[in-house]
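What follows is a set of notes on a single structure, which appears directly below.
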Amino acid sequence: RLYLGRTGIILLHDPGKLLFHNKSVIGISSITNSTFLDLPSKEKVTQVKKEFTLNYVPKEYTSEDKEYWDQYGISTSQLNFENIKSVGYFEFGTDNIKSVFPSDLTFCINVEDKHKIYRPLQKELRFLANFKGTEIGGNTELRSEPIYTKSAKDYMVLCNFGYDSRFIHSESVKNVPIGTYLVDNDQAGKTYANYLRSIGCKAFTLPDEFPKDISDCYKLYGHDESRRIAQHTLQSF
């Protein structure tokens, strides 16, 4: 198996039999024209980090794509306005080694010149981004201070409810604008809400009896009821 390590290099795990010892490394090195370093299991990687690249080829929205977004009341015209594309295939890695994945209900959320791959039906590589952590997404015109969410999907649902909104890409982002946030009501979201409050933000989560975020709420209850739930949650805003 090949892994993209946090340092930006590729790690190869080969638990094969002694009969094939090192042949996987030799084969992959030949195919990719790359050099592999034999790394003892307890030794830390000290190689200089290489630039991480993420590229994709867009395609037309399929009926399956439209069906997925329609669950959340989101149209293809809204997706195009927000520069969210259906993906034919994408590749990521370093200049020397790239992994290529074909499309399987795959989308790319584009913010400025950065990309975030979103594969809602996958457990492995469900999210993959080259965001730096400072990007703020959302193309709708702001008439007042926005409500921030942690995802493009929740952002678009709030926009369709009539709220001014923007989105960050993850609940791990610490350098965020001071403002009002609607985040997930799971443990990770509640922890993040506490952090946001500690730096002077207003942070809301949906009540525990509802799904973890407003887009899942829409999927379960529809437009009118989920809009009422959002209004109730944000009533002190």
With rounding to the nearest 0.5 Å, note down the distance linking [atom1] in [X] to [atom2] in [Y].
X    : Y    : atom1 : atom2 : answer
N110 : I84  : CG    : CD1   : 8.5 Å
M156 : N139 : CE    : CG    : 10.5 Å
R126 : I117 : CZ    : CD1   : 14.0 Å

Quick check: are there more than 12 heavy atoms from other residues, nucleotides or ligands sitting under 6.0 Å from CD of E60?
-> no

Is N175 atom CG crowded by more than 12 heavy atoms from other residues, nucleotides or ligands, each under 6.0 Å away?
-> no

Checking [Y] against [X]: is there a side-chain donor and acceptor pair closer than 3.5 Å?
X    : Y    : answer
Y118 : K153 : yes
T62  : D65  : yes
S63  : E67  : no

Relative to each other, are the rings of F161 and Y163 parallel, tilted or perpendicular (30° and 60° limits)?
-> perpendicular

Parallel, tilted or perpendicular: ring planes of H223 versus Y218, cut at 30 and 60 degrees | perpendicular

Electrostatic pair R143:D164 at N-O distance under 4.0 angstrom = yes

Please step through ring-ring contact (aromatic ring centres under 6.0 Å, His included) for the pair F107 and W69, ending with a clear verdict.
-> CA-CA 11 Å; F107 308 99; W69 290 105; 5.3 Å; yes

